[in-house]
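Just so we're on the same page: letters track the sequence lines, and every chain starts at 1. Source: prediction; values computed, not measured. Below, all heavy atoms of this structure are taken into account, side chains as well, without hydrogens, waters or symmetry copies.
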There are 2 protein chains.
Amino acid sequence: MKEPGSAARADSEEWLDRVFHALSDPTRRALVRRLSAGPGKVTELAKPFDMSLNAISKHLKTLEKADLIKRDNAGRTSVCSLDAETLQHAQAWLDQYTRFWGETLDSLGRHMKRRTGPGRSRPAGRR
Amino acid sequence: MKEPGSAARADSEEWLDRVFHALSDPTRRALVRRLSAGPGKVTELAKPFDMSLNAISKHLKTLEKADLIKRDNAGRTSVCSLDAETLQHAQAWLDQYTRFWGETLDSLGRHMKRRTGPGRSRPAGRR
DNA sequence: GCATCATTCAACCAAATGGTTGAGGGTTGT
DNA sequence: ACAACCCTCAACCATTTGGTTGAATGATGC
């Protein structure tokens, strides 16, 4: 079901759409933060927020569709918990860009000749 | 003008809103990818895409407002380049959650019974 | 069986998003 | 001066988003 690692071809970046979109909302990030401290029932998760339970339910659904959380349905309550694997995949995506820049800023900057190679990254020789 | 590190108030997560939102669009991610290989003029950047130049201009503006790119205005052309620092800040945010889970998956994973209890799994780093 | 709690579904709304086209506004070249 | 070029601004449109309320579903408790 999850394709971050598997069919990661040009088409299936869709999951990144969902993940980053899910993370672009402060309420949902707050939910992620809360869930990072342990699972919780929906009503419990909703309590701190100044909006209807339904709103939170929708936010959780958004997070779920992004595979950022999973639900454990136990009777009449459903317990949500973080699925950090997806978070890691998102981070891995960012890593493609931040890593190279970390190097550039650090040490690579000076002994980096302009590599006009075919595919590989070429450090922006900026400013 | 950038507050990722400084005023970490509840409100100022706004920049994360912008960054993650900016990254939630495939066109904009493609632009980021392209820019990671070096700066480029707007028309040049727009060429590979199947949409109007104006659309790309707007996407670039979104990326700019998120501090993900910066513009260098040279005469009638404006050259965009990646500002990976912001990308790094976003990654740092994710790191709060993925780091702790990396551990969990690695070592903690096996002696970790399914903790469906309300107890809590493992205190993730707060803040 | 019936009321109640926990959660989701459905309809609705205002606002934002992603795209279009068309009109400018500077810059450059002749 | 003038046309061509690069890019942004403005208006517009369809669709999505984030929120609301109200009803429906389903498990629990009396």
Novice: Among pairs that include at least one residue of residues 36-50 of chain B, which meet salt bridge (Lys or Arg N to Asp or Glu O under 4.0 Å), considering only residues two or more places apart or in two chains?
Specialist: none
Novice: Listed by chain and number, what are the side-chain hydrogen bond (donor to acceptor under 3.5 Å, both in side chains) partners of A:Ser81, not counting sequence neighbours?
Specialist: A:Lys70
Novice: Give, ordered by number, those residues of residues 48-59 of chain A having at least one heavy-atom distance below 4.0 Å to an atom of DNA chain D; if nothing qualifies, reply none.
Specialist: A:Met51, A:Ser52, A:Asn54, A:Ala55, A:Lys58, A:His59
Novice: Would you kindly give the CG-to-P distance between A:Asp17 and D:dT16, to the nearest whole Å?
Specialist: 13 Å
Novice: At under 4.0 Å, does any side-chain N or O of B:Lys61 touch on OP1 or OP2 of D:dC7?
Specialist: no
Novice: How close or far is atom P of D:dT16 from atom NZ of A:Lys65, stated in whole angstroms?
Specialist: 11 Å
Novice: Just jot down the side-chain hydrogen bond (donor to acceptor under 3.5 Å, both in side chains) partners of A:Arg71, sequence neighbours excluded, or say none.
Specialist: A:Glu64
Novice: With a 4.0 Å heavy-atom cut-off, tell me which residues in residues 19-28 of chain A come close to DNA chain C, sorted by residue number.
Specialist: none
Novice: Using only atom types and a distance under 3.5 Å, with no angle test, would you say the side chain of A:Thr98 pairs donor to acceptor with the backbone of A:Leu94?
Specialist: yes
Novice: Check whether any side-chain heavy atom of B:Leu68 sits under 4.5 Å from a side-chain heavy atom of B:Leu35, and report yes or no.
Specialist: no
Novice: Taking only residues two or more places apart in sequence, or in another chain, which ones meet B:Ala55 in a side-chain contact (heavy atoms from CB on, under 4.5 Å)?
Specialist: B:Met51, B:Ser52
Novice: Quickly work out the A:Asp72 CG to C:dA6 C1' distance and round it to whole Å.
Specialist: 15 Å
Novice: Atom CD of B:Glu44 and atom P of D:dC6: how far apart are they, to the nearest Å?
Specialist: 11 Å
Novice: Pairs in or reaching into residues 19-46 of chain A: which pass ring-ring contact (aromatic ring centres under 6.0 Å, His included), with residues at least two apart or in two chains?
Specialist: A:Phe20-A:Trp93, A:Phe20-B:Phe20
Novice: Apply salt bridge (Lys or Arg N to Asp or Glu O under 4.0 Å) to B:Arg29 and list each qualifying residue two or more places apart in sequence or on a separate chain.
Specialist: A:Glu13, A:Asp17
Novice: Take atom NZ of A:Lys47 and atom C1' of C:dT7, then tell me their distance rounded to the nearest Å.
Specialist: 14 Å
Novice: If we ignore hydrogens and angles and just use 3.5 Å, is the side chain of A:Thr62 paired with the main-chain N or O of A:Lys58 as donor and acceptor?
Specialist: yes
Novice: Judged by atom type as modelled, is there a donor-acceptor pair below 3.5 Å linking the side chain of A:Arg34 to the main-chain atoms of A:Leu45?
Specialist: no
Novice: Can you tell me the distance, in whole Å, between the CG atom of A:Asn73 and the P atom of D:dG26?
Specialist: 12 Å
Novice: Taking only side-chain N and O atoms of B:Thr62, does any of them lie within less than 4.0 angstrom of OP1 or OP2 on C:dT17?
Specialist: no
Novice: Taking only nitrogen or oxygen atoms into account, show me every contact under 3.5 Å that the protein makes with nucleotides 28-30 of chain D, one pair per line with its distance.
Specialist:
{"unit_1": "D:dT28", "atom_1": "O4'", "unit_2": "A:Arg76", "atom_2": "NH1", "d": "3.3"}

Novice: Report the distance from atom CD of B:Glu64 to atom C1' of D:dT8, rounded to the nearest whole Å.
Specialist: 11 Å
Novice: If you look only at pairs with a residue in residues 47-81 of chain B, which of them pass as a ring-ring contact (aromatic ring centres under 6.0 Å, His included), with sequence neighbours excluded?
Specialist: none
